[in-house]
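As the structure lists them, so they are numbered: ligands from 1, and atoms in each ligand from 1. Hydrogens, waters and symmetry mates play no part in the numbers below; they use all other heavy atoms, side chains included.
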Amino acid sequence: MLPLFYIKRLQMKGRKLLMIPGPIEFEPDVMQAMAMATTSHVAPDFIEVFGNSLEHMREVWKSPKGQPFIVAGTGTLAMDMAIANLIEKDDNVLVISTGYFGKRFQDILTHYGANTTILEAPVGEVVPLEVIEKELKTKTYKALTITHVDTSTGVLVDPEPIAKLAKKYHVLSILDGVCSVAAETIHQDEWELDIVLTASQKAVGVPPGLALLMASEKAIQVWENRKTPVCNYYANWKNWLPIMKAYEARKPSYFGTPAVNLIVALETSLKIICKEGVQKRIERHQVLANAFRKGLASLHLEILPRSTEIAANSLTAVYYPKEIDGVALRSKIARSNVIIAGGLLSEIKTSYFRVGHMGSVSPNDLIAVLSALERALLALNYPFETGKSLNAFQTELLKFEE
Ligand SMILES: *Cc1c(COP(=O)(O)O)cnc(C)c1O
């Protein structure tokens, strides 16, 4: 047995591993980019960086025909921007909800005077397509919203068939991809999604502060043909569209000062993503997420999604075992310098935790999480065989290693 001071010394480095579903751990090159001397927003070098970022977005979103927007703000601003520009008072909008962020869409829509109908899936489930189609037949909808991965439940929705239904009924489709862009498969143009939006601090891998949005040609047309003015000043595309077009044409322009350093970091991260290859990156996320869940299953821990087919690549939401005090478990895990998130869905907030595994996530990170989890469970007398989750995780990974 080691004397206690040795154990303390093991922690001396004090570096914490951030495994929440955003902000995530960022690549060193991205952090380096953040630290460069801030240039003018109309400096030729920066214009080039902004232009490149817009072009790389099209590659990540698989939307060569889309109109990208990069605006200082959070993911919620991207949601706000989509609704403010496309929806007018008294428009009917269908909200397809798999958790907390579906309700946020309803909140924003209500704020702009839309008539919303919400289809809420039970916790851990998705709304069946038949239910969506049945609702679309009842009245003329202007748009529907989808949360690709709801970060409160870790449930993954397949947007493709829903986007098809939207087309069939001439309804705009708006995808909240805040927890999915660059981690889950998205083909915006092929699937004919009208809006796909995200924020910098999730799978795109840049510190918080950028709202990112891609609008289809159809979405821009619908905005151009509005009957009433956009009831939002900052988010109005009238202000931002000329700016995005100017940067892409490598010309100086100004509406509101862009977040210069964040955009330099964004270009760096998008280049890393494109260099890895979007498809390869998604596969890496998938392999790691599945292996992680094999580890959890080996400890008899239950995840929120009802089946692994609808479990996200980007995070996992896990119920605490019944006999375990969640607060004690999380604090013990934190003492191992692994930071995970608590629950978010108000009805069951205290009964589960969430682990983010997106962006630069590696097997090492998830081994660290499983190990910290096992040590915490051990300390709380949860009955299991030590090392079992590490074994299950590695066994699964070995299937994919050369
Ligand atoms: C994080 C998140 C948001 C909100 O993004 P903020 O940057 O916190 O405003 C919206 N939707 C989903 C799915 C998210 O994961």
Taking non-hydrogen atoms only, is Thr76 closer than 4.0 angstrom to ligand 1 via side chain, backbone, both or neither?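 For Thr76, backbone and side-chain atoms both sit under 4.0 Å from ligand 1.
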Within the 3.5 Å criterion, strictly below it, is a donor on Glu374 or Ser371 matched to an acceptor on the partner's side chain?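 No pair is found: no donor N or O on one side chain lies under 3.5 Å from an acceptor on the other.
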Hydrogens and angles aside, do Arg354 and Thr151 bring a side-chain donor and acceptor to less than 3.5 Å of each other?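 Side chains of Arg354 and Thr151: no pair found under 3.5 Å.
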Mark the output for Leu77 as yes if a heavy-atom distance to ligand 1 is under 4.0 Å, and as no if none is.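 No, Leu77 has no heavy atom closer than 4.0 Å to ligand 1.
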Considering non-hydrogen atoms of the protein only, which is the closest contact for atom 15 (O) of ligand 1, and what is the distance?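 In this structure, atom 15 (O) of ligand 1 has Thr151 OG1, 2.3 Å as its nearest protein heavy atom.
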Determine whether the aromatic ring centres of residues Tyr254 and His41 are separated by less than 6.0 angstrom.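 For His41 and Tyr254, the ring centres are under 6.0 Å apart.
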Less than 6.0 Å separating the ring centroids of Tyr320 and Tyr352?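 Between Tyr352 and Tyr320, which both carry aromatic rings, the centre distance is not below 6.0 Å.
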Does anything in residues 299-322 form a salt bridge (charged side-chain N to carboxylate O under 4.0 Å, His left out)? List the pairs, not counting sequence neighbours.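 Checked against salt bridge (charged side-chain N to carboxylate O under 4.0 Å, His left out) - neighbours excluded - the pairs reaching residues 299-322 are Glu125-Arg306.
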How far is atom 10 (C) of ligand 1 from the closest protein heavy atom, and which atom is that?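 So the nearest neighbour among protein heavy atoms is Phe101 CD2, 3.2 Å.
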Contacting atoms of ligand 1, where contact means under 4.0 angstrom from a heavy atom of Cys179: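 Taking each heavy atom of Cys179 in turn, ligand 1 has 15 (O) under 4.0 Å.
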Answer yes or no for Lys202: is there a heavy-atom contact with ligand 1 below 4.0 Å?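 Under 4.0 Å: yes for Lys202.
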To check your reading of the model: name the closest protein heavy atom to atom 11 (N) of ligand 1, its residue, and the distance in Å.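 I find the closest protein heavy atom is Asp176 OD2, 2.7 Å.
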Regarding ligand 1, does Gly75 bring an N or O atom to under 3.5 Å of one of the ligand's N or O atoms?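 Indeed, backbone or side chain, Gly75 has an N or O that close.
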So is Lys202 actually on top of Phe101's ring, under 6.0 Å and inside 45° of the axis?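 Yes; both conditions hold, so Lys202 lies above the ring face of Phe101.
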Glu192 bridged to Lys164 by N-O distance under 4.0 Å: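 Answer for the salt bridge query: no.
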Got an N/O contact under 3.5 Å between Asp150 and ligand 1?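 No; every N/O pair is 3.5 Å or more apart.
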Is there a side-chain contact between Met81 and Trp237 (heavy atoms, below 4.5 Å)?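 A side-chain contact under 4.5 Å exists here.
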Considering non-hydrogen atoms of the protein only, which is the closest contact for atom 8 (O) of ligand 1, and what is the distance?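 Going by distance alone, atom 8 (O) of ligand 1 is nearest to Gln201 NE2, 3.9 Å.
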List ligand 1 atoms under 4.0 Å from Val149, heavy atoms only on the residue side.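 Matching atoms, with element in brackets: 13 (C).
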